[in-house]
K.L.:
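There's a structure below that I have some questions on.
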Amino acid sequence: MNSLYQSSIKSLPLLGHGKVRDNYAVGDDKILIVTTDRLSAFDVVMNEPIPGKGMVLNQMSDFWFEKLGHIVPNHLTGVAPESVVAADEVEQVKGRAVVAKRLKPIMVEAVVRGYIIGSGWKDYQATGSVCGIQLPAGLRQAEKLPEPLFTPAAKADLGEHDENISFADMESRIGAELAAKMRDISIKLYTAAADYAATRGIIIADTKFEFGLDENGVMHLMDEVLTADSSRFWPADSYAPDMSPPSFDKQFVRDYLETLDWGKTAPAPALPADVIDKTQAKYFEAIERLTGQKLKA
Ligand SMILES: Nc1ncnc2c1ncn2[C@@H]1O[C@H](COP(=O)(O)OP(=O)(O)OP(=O)(O)O)[C@@H](O)[C@H]1O
Ligand SMILES: [Mg+2]
């Protein structure tokens, strides 16, 4: 399995390194997104790659783009990543990159929650509502919500955390019409994906979508879609309410990190080889369970 911790594509202008992905400009209307094998936990990037993780995430996104293409247009161009880099850079993009339309990002992230967990659970315990949406009393941790909730977040500047905002705030930022469209499409995408995943024994507890506008103002789905990094996946067979179900992919890393006296700020501690191996196996299991197919190496 080829592993890539950080890409170095010299033939294209670098737009930036995210925590997990490296982005390059392809002309002025496209971008190359390379998903590396970096793993972040508690928002800190680990020092070791999880070999193949970037391929898994990239192929998960591709799988969903195709499955959900009838609901909303997306940023994929169909241009082969191998064709936009130099010959000696092809290995870095194989199976782990896409060439996307360069869109104008809508500066609100579309979070959809089907289950009450994480910050939503904290919010509910404190206020009885999630991001200002009143919920029935007596919900249990990790319980399925009566219907999926749309809870927008303002896209933060580099290095800062996204901030939950109300739907009214979203409307004032991007306009009522676009806000309603983003909400309705996001719920449709989540519902279709969650229904499919259920047939594969996976619960999608929540997820985050990003959208952008093309030169004609048409809204497109962009970024990564329904990956283990942008969503909470739970194996259905070990799901139970009243606890925080283990995440499909990062559980071994988180469990290990919790045994350390570490402040959850950079620099990250070293990960032992067995934690890396078990985590890698989990990613491979996730893509197989989801798509029914082995990772295309
Ligand atoms: N098709 C696209 N057109 C324009 N921008 C895009 C497109 N797809 C994704 N982006 C944006 O590219 C940016 C870089 O993505 P990336 O996720 O790698 O880094 P990040 O969001 O800064 O960090 P991280 O997600 O690791 O916290 C994001 O702001 C994302 O919204
Ligand atoms: Mg991002």
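Nothing fancy with the numbering, it's 1 onward along the sequence. Read the numbers this way: they start at 1 and go in the same order the structure lists the ligands and their atoms. Remember, it's a predicted structure, so these values are computed and weren't measured experimentally.
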K.L.:
Mark up the atoms of ligand 1 that fall under 4.0 Å of a heavy atom belonging to Lys155, in ascending order.
P.N.:
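Checking each atom against Lys155, I get 28 (C), 29 (O), 30 (C), 31 (O).
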
K.L.:
Can you tell which of Asn23, Asp22, Asp223 gets a heavy atom nearest to atom 18 (O) of ligand 1?
P.N.:
Asn23

K.L.:
With only distance considered, is Ile31 within less than 3.5 Å of ligand 1 through an N or O on each side?
P.N.:
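Among all N and O atoms of Ile31, none is under 3.5 Å from an N or O of ligand 1.
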
K.L.:
Backbone or side chain, does any N or O of Arg102 fall under 3.5 Å from an N or O of ligand 1?
P.N.:
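Not met; the criterion fails.
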
K.L.:
May I ask you to decide if Arg38's main-chain N or O and Lys53's side chain share a donor-acceptor pair within less than 3.5 Å?
P.N.:
yes

K.L.:
Between Glu210 (side chain) and Asp223 (backbone), is there a donor-acceptor pair under 3.5 Å?
P.N.:
no

K.L.:
Side chain of Glu109, backbone of Asp162: donor and acceptor closer than 3.5 Å?
P.N.:
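Between the backbone of Asp162 and the side chain of Glu109 there is no qualifying donor-acceptor contact (under 3.5 Å).
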
K.L.:
Take every heavy atom of His220, measure it against each atom of ligand 1, and state whether any distance is under 4.0 Å.
P.N.:
no

K.L.:
With heavy atoms only and a cut-off of under 4.0 Å, state how His75 meets ligand 1: side chain, backbone, both or neither.
P.N.:
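Under 4.0 Å from ligand 1, His75 contributes side-chain atoms alone.
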
K.L.:
Minimum heavy-atom separation for Ile117 and Met243, please, with both atom names.
P.N.:
CD1-O, 4.2 Å

K.L.:
Does Tyr124 reach the main-chain N or O of Leu139 with its side chain, forming a donor-acceptor pair under 3.5 Å?
P.N.:
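Such a contact is found between Tyr124 side chain and Leu139 backbone.
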
K.L.:
Step through the shown structure and confirm whether more than 12 heavy atoms of other residues, nucleotides or ligands are within 6.0 Å of CG on Asn216.
P.N.:
yes

K.L.:
Using heavy atoms and a threshold below 4.0 Å, how should the contact between Glu210 and ligand 1 be classified: side chain, backbone, both, or neither?
P.N.:
side chain

